[in-house]
Protein chains: 2
Amino acid sequence: MIFNQHFEYLLKKHQLKRTEQRLRVLSLLSGKKVATSQPDLESVIGDVDRVTLYRILSAFEEKGIIHKVFDLNGTANYALCSDNCDEHDHHDEHLHFNCTSCKNVYCLDELDMPPIVLPAGFKLEKLSFSATGLCPKCINKES
Amino acid sequence: MIFNQHFEYLLKKHQLKRTEQRLRVLSLLSGKKVATSQPDLESVIGDVDRVTLYRILSAFEEKGIIHKVFDLNGTANYALCSDNCDEHDHHDEHLHFNCTSCKNVYCLDELDMPPIVLPAGFKLEKLSFSATGLCPKCINKES
DNA sequence: TTAAGTGCAAAATCTTTGCAAATGT
DNA sequence: ACATTTGCAAAGATTTTGCACTTAA
């Protein structure tokens with residue numbers, strides 16, 4: 001869990017006004033170790049207009065505060081970026097694990113990603129890895 | 001380019017009727033080495049209803065004839081599976097390369113994917129790798 | 001005070017569903 | 001002939017846009 005103070009710093013840093021709605025989004029995202037979809041956010045965030053949520057998420061993404069990752073159904077899920085992201089330089093090259101049972105998307109930052117060599121002629125900018133399977137919680141439920 | 005005869009075999013194999021519309025989809029997909037989005041298909045396929053296209057694509061995906069991969073914008077792109085796919089066992093664990101300029105999605109089957117070790121507790125079912133950057137065609141255009 | 005942000009209504013997209021007519025086997 | 005598949009119309013869902021009101025700085 002990250003402090004409110006840090007959220008305010010984040011907003012100021014990116015010249016975004018400190019609003020109740022934005023703080024709630026940041027607080028919700030920081031509370032989860034998994035990426036959260038727009039509909040999920042909407043259902044728990046309470047009294048924030050759907051359109052506002054869209055706009056907050058896309059503003060945050062542009063500024064590099066959060067990153068977007070698509071799950072198995074192609075719906076966007078959002079997670080806080082590590083601190084050293086900005087609009088020009090996203091670092092979300094960790095593995096995203098999609099649980100087929102609970103549908104959660106885990107950001108596994110701690111894993112080292114292997115180097116990938118592309119065929120000649122391709123210029124690599126960004127790599128992303130994603131895995132599908134069962135998360136620890138759902139494995140336990142099954143057995 | 002694959003032969004029409006092969007498409008008919010594919011359809012029969014999966015108990016799908018040999019229709020003009022389905023053959024056209026197969027032929028278009030086989031003609032490209034890149035995955036194609038639903039809107040792109042729609043624009044070149046000619047006189048096939050949008051709804052029919054949706055249904056064809058989802059039927060093909062269920063049967064394991066094509067696989068779906070999401071591009072940078074979260075829109076679904078489709079590509080023919082290698083021959084040994086079926087509904088229970090998809091093999092599309094190759095790297096997908098997304099060109100930021102022409103938006104094409106390349107299926108780079110020939111690359112070996114490195115093994116990934118997940119944290120304890122996660123059960124891996126499927127891995128997928130995707131890369132972003134410039135494809136050979138677009139690099140040449142730039143310089 | 002004033003530029004940015006929010007909420008509401010409405011438009012524009014995208015995707016799915018129901019059903020009658022057409023088509024493949 | 002009969003089950004599938006298609007096209008059209010219409011419903012649902014998702015996302016975007018415009019604009020007046022509100023709010024943080």
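Below, chains carry the letters A, B, ... as their sequence lines are ordered, and counting in each starts from 1.
Atom CG of A:L53 sits about 9.0 Å away from atom CG of A:D49, to the nearest 0.5 Å.
The shortest distance between side-chain heavy atoms of B:E61 and B:H67 does not fall below 4.5 Å.
Of the residues in residues 49-56 of chain B, B:D49, B:V51, B:T52, B:R55, B:I56 come within less than 4.0 Å of DNA chain D through at least one heavy atom, sorted by number.
Helix-axis bend for the helix from C:dT1-D:dA25 to C:dT25-D:dA1: the local axis fitted to the five terminal pairs at one end deviates from that at the other end by 40°, rounded to 10°.
With 3.5 Å as the limit, one finds no donor-acceptor pair spanning the side chains of A:T36 and A:D40.
Using modelled atom types, one side-chain atom of A:R22 and one backbone atom of A:K17 make a donor-acceptor pair closer than 3.5 Å. B:H14 places a side-chain N or O within donor-acceptor distance of the main-chain N or O of B:K63, the cut-off being under 3.5 Å. Looking only at distances, no side-chain donor or acceptor of A:R18 sits under 3.5 Å from a matching main-chain atom of A:E8.
Under the ring-ring contact (aromatic ring centres under 6.0 Å, His included) criterion, the residue pairs touching residues 101-128 of chain A are A:Y106-B:F122, A:F122-B:F97, A:F122-B:Y106, with sequence neighbours excluded.
For the pair A:H14 NE2 and D:dA24 C1', the computed distance is 19 Å after rounding to whole Å.
On the nucleic acid side, DNA chain C contacts chain A at distances under 4.0 Å to non-hydrogen atoms, with the end points of that region at C:dA3 to C:dA9.
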Give me, pair by pair, the N or O atoms of the protein and of nucleotides 1-4 of chain D that are less than 3.5 Å apart, along with how far apart they are.
from: D:dA3; atom 1: N3; to: B:K17; atom 2: NZ; distance (Å): 3.2
from: D:dT4; atom 1: O4'; to: B:K17; atom 2: NZ; distance (Å): 2.9

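Across all strands shown, A:Q21 has heavy atoms under 4.0 Å from sugar-phosphate atoms exclusively, and none from any base.
Nearest-nucleotide positions on DNA chain C place A:T19 closer to the 5' end than the other of B:E20 and A:T19.
Scored by the side-chain hydrogen bond (donor to acceptor under 3.5 Å, both in side chains) test, B:S130 finds A:S128 as partners (sequence neighbours excluded).
A:L108 and B:P119 make their closest contact through CD1-CD, 3.8 Å (heavy atoms, listed as atom of the first residue, atom of the second, distance).
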